[in-house]
Asks: 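Please find one structure pasted underneath; my questions will follow.
Computation of the quantities below employed the complete heavy-atom set of this structure, encompassing side-chain atoms and omitting hydrogens, waters and symmetry-equivalent molecules.
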Amino acid sequence: MNVESKINNGQEQGVTAWIGYLNQLRISTCIDSLNKEEINFKNATLSINEALSNIHLIIDSGRGGEHGMHGFIAEAAEQGVGKARSQIIGKPISYIWSNDNGMVDLVRDGVGIQQKFSIAAGHYSLDAVRSHLERYPSFLSGGRKYQIPADHYNKIKELLSMSKEQADKMPTESGEFSLRQWKYVYDYFDRGDIKFDDLEPSTLEYKDVQVNRIDQTMMNEKKELKNINDERKEKIYQAGKPSIEEGAKVAAAAALVQGGTAFVLSVAKKRKTGKQIREFTADDWAEIFQATGMDSIKGAIRGIGIYSLTNCIKTPSAVANALMTASFGVAEQTHLFRTGKIKEEEFIENSELLCLDVSVSALASLLGQTIIPIPILGAVIGNTIGTTMYQIVKDNIGGKEQ
């Protein structure tokens, strides 16, 4: 029994099974991730639909009256949109809508939130925030937040970033800015009872939660969720495709395994002659490293070849390995034939037997992986048993039967 051949076959089938496992793992991960994205999208859409139903109940009941209805709409919208935006990226956040006139409107992952959507006096909801704090002096304890429209928050932030000299130079014709507003904002936070960090922006702007605008706002949100979902799925799909980077890693790993195997076998072969490792000459090491280098190159070619065959034309990994092994073997026989070391009849017979050998090896690996569904291990065991049985048969029949 050719032990060296068995070891080489084993390492080749091990690498082959590993490449097949990598391919399957990448595809399975891609499919699982795409399925999760679909679930995330459905959950996010459901959150928007539920919020829209609550909003229509508010509108139909006339809750809050003409001037206060948008506040209740904002609360329902914030819960729905906030949940949806976290669900679409697979990181769902708990949003509880109090739906009353109490101290807290929303609870987001344990953080109490009071919403204030007001344009009174052009003070960006700040007057409403202070009125609430005067009524509930302990509100800001425990990390609670005041939430104001996103556009109000951004405007306050912009005003706070300006010096008085900058504010004096800002145009006022558009009505979007005035020195009076700048002074109001600075004086507001100079009092010290409310800090800018006590505020946070809503997911929506003031205009988005008005009765005549909310349906379009929620429709736009659905479209945006769909866009996010499509972008995330495309990234997953691209990440799930075979790549040059992964192919290079496969080639490097295959080179390392086959080169390492060749090194060990070469050293063992020298040891069988009775030499100790310390007695190896420079010529011995040169021979060992030459064999190691050649097998490392063959391993790299085998790895990238199997990776390409299994991913580009969907060849089963065991068959891809058989094709690569047969290609190496027939190439060697071709070289011997061209240099006159073997005759045409020998070239044909050797090539036929070589192809038969690799076919048996591939079949044994496939059967082993099927019977023992453990990645890599099943293929190696199947190949070892199958090729051993095949070798026993070959060794016990005549030349014509072979």
Side-chain angles (χ1 to χ4, degrees), residues 24-61 63-64 69-100 102 104-117 143-151 153-154 200-241:
Q24 189 57 50
L25 181 63
R26 187 183 66 252
I27 293 169
S28 298
T29 300
C30 178
I31 292 172
D32 289 344
S33 297
L34 289 172
N35 288 336
K36 288 178 182 178
E37 286 302 317
E38 277 304 301
I39 293 172
N40 292 341
F41 178 63
K42 289 178 181 178
N43 289 338
T45 303
L46 181 61
S47 293
I48 295 296
N49 290 338
E50 289 176 348
L52 202 50
S53 295
N54 290 330
I55 289 167
H56 286 162
L57 288 175
I58 292 170
I59 295 173
D60 292 342
S61 66
R63 186 178 180 186
M69 184 179 295
H70 71 277
F72 292 106
I73 292 174
E75 294 173 14
E78 180 68 26
Q79 182 201 30
V81 173
K83 280 180 63 177
R85 290 186 182 181
S86 65
Q87 288 168 325
I88 197 65
I89 60 173
K91 298 178 180 179
I93 294 175
S94 169
Y95 271 87
I96 300 173
W97 178 28
S98 301
N99 197 16
D100 57 24
V104 174
D105 292 330
L106 297 161
V107 178
R108 181 191 60 226
D109 273 358
V111 177
I113 296 170
Q114 171 64 217
Q115 267 197 348
K116 290 301 176 187
F117 274 57
R144 298 189 188 97
K145 292 281 188 178
Y146 282 109
Q147 190 177 91
I148 61 177
D151 51 326
Y153 180 90
N154 291 333
E200 69 172 31
S202 167
T203 56
L204 302 172
E205 296 186 356
Y206 182 83
K207 64 179 184 299
D208 294 331
V209 300
Q210 303 308 307
V211 175
N212 60 353
R213 180 69 180 265
I214 189 62
D215 283 342
Q216 186 61 49
T217 296
M218 302 305 270
M219 185 64 66
N220 292 341
E221 192 65 29
K222 282 186 179 182
K223 290 179 181 178
E224 183 58 26
L225 292 173
K226 181 66 168 62
N227 291 336
I228 294 172
N229 180 245
D230 290 343
E231 289 174 4
R232 289 175 65 85
K233 288 197 296 185
E234 179 61 23
K235 287 182 180 179
I236 291 170
Y237 174 72
Q238 292 299 329
K241 293 170 67 176

Asks: Heavy atoms, side chains only, cut-off 4.5 Å: are I89 and R85 in contact?
Replies: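 SC-SC contact between I89 and R85 ruled out.
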Asks: Between the side chain of D105 and the main-chain N/O of I113, is any donor-acceptor distance below 3.5 Å?
Replies: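 Flag not set: sc D105 to bb I113 has no pair under 3.5 Å.
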Asks: Out of curiosity, T217 OG1 to K222 NZ, how far, rounded to the nearest 0.5 Å?
Replies: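 Here the interatomic distance stands at 13.0 Å.
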Asks: Could you give the distance from CG (L225) to NZ (K223), rounded to the nearest 0.5 Å?
Replies: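 With rounding to 0.5 Å, CG (L225) is 12.5 Å from NZ (K223).
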Asks: Given side chains that start at C-beta, do those of M218 and V81 come closer than 4.5 Å, heavy atoms only?
Replies: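 Yes; the side chains approach each other to less than 4.5 Å.
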Asks: Using 0.5 Å steps for rounding, measure from the CD atom of E221 to the OG1 atom of T45.
Replies: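 The CD atom of E221 sits 10.5 Å away from the OG1 atom of T45.
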Asks: Between CE of M69 and CD1 of I58, what distance do you get to the nearest 0.5 Å?
Replies: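 Answer for the CE-CD1 pair, M69 versus I58, is 8.5 Å.
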Asks: Answer with yes or no whether the side chains of N43 and K83 bring together a donor and an acceptor at under 3.5 Å.
Replies: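 Result is no, nothing qualifies.
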Asks: For P149, does its backbone N or O pair with a side-chain atom of S202 as donor and acceptor, under 3.5 Å?
Replies: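 No.
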Asks: Apply side-chain hydrogen bond (donor to acceptor under 3.5 Å, both in side chains) to E231 and list each qualifying residue two or more places apart in sequence or on a separate chain.
Replies: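 Listed in chain order: nothing, the list is empty.
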Asks: Could you tell me which non-hydrogen atom of A44 sits nearest to which non-hydrogen atom of Q87, and how far apart they are?
Replies: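 Of all heavy-atom pairs spanning A44 and Q87, the closest is CA-OE1, 3.4 Å.
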Asks: Tell me yes or no: between the side chains of Q79 and E75, is some donor less than 3.5 Å from an acceptor?
Replies: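 Side-chain D/A pair, Q79 to E75: absent.
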Asks: Consider only side-chain N and O atoms of R213 and N220, and report whether a donor and an acceptor are under 3.5 Å apart.
Replies: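 No, because no side-chain N or O of R213 sits under 3.5 Å from a partner of the opposite role on N220.
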Asks: Quick one: do D32 and K36 make a salt bridge, cutoff under 4.0 Å?
Replies: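 Not counted as a salt bridge, because no side-chain N and carboxylate O are separated by less than 4.0 Å.
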Asks: Looking at every non-hydrogen atom in both residues, tell me the closest pair between I148 and F117 and how far apart they are.
Replies: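 Smallest interatomic distance, heavy atoms only, reads C-CE1, 4.3 Å.
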Asks: Which pair of heavy atoms, one from F41 and one from N229, lies closest together, and at what distance?
Replies: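 Heavy atoms of F41 and N229 come nearest at CB-ND2, 3.5 Å.
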Asks: Using a strict threshold of under 4.0 Å (side-chain N to carboxylate O), is an ion pair present between E37 and R232?
Replies: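 Counted as a salt bridge, because a side-chain N and a carboxylate O are separated by less than 4.0 Å.
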Asks: Taking all atoms of both residues into account, what is the closest heavy-atom pair of A76 and A51, and its distance?
Replies: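 That would be O-CB, 3.6 Å.
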Asks: Measure the spacing between CG of N212 and NZ of K207 and express it to the nearest 0.5 Å.
Replies: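 Atom-to-atom, N212:CG and K207:NZ are 12.0 Å apart.
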Asks: What heavy-atom pair brings N40 and I88 nearest, and what distance separates the two atoms?
Replies: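 Closest heavy-atom pair between N40 and I88: CB-O, 4.1 Å.
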Asks: Indicate yes or no: at least one non-hydrogen side-chain atom of H56 is less than 4.5 angstrom from one of D215.
Replies: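 A side-chain contact exists here, since the closest heavy-atom pair is under 4.5 Å.
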Asks: Would you indicate whether the side-chain heavy atoms of N227 and E224 approach each other to under 4.5 Å?
Replies: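 Contact flag for E224/N227 side chains = yes.
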Asks: Should the pair Y206 and H70 be assigned to parallel (<30°), tilted (30 to 60°) or perpendicular (>60°) ring geometry?
Replies: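 Taking H70 first and then Y206, their aromatic rings stand perpendicular (interplane angle over 60°).
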Asks: Give a yes or no on whether the backbone of G82 and the side-chain of T203 come within a donor-acceptor separation of less than 3.5 Å.
Replies: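 It does not hold such a pair.
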Asks: Using every non-hydrogen atom in the two residues, find where I93 and S86 come nearest and quote the distance to one decimal.
Replies: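 Looking at all heavy atoms of both residues, the closest pair is N-OG, 3.0 Å.
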Asks: Could you measure the distance from the CG atom of D151 to the CG atom of L204? Nearest 0.5 Å is fine.
Replies: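 If I round to the nearest 0.5 Å, the distance is 10.0 Å.
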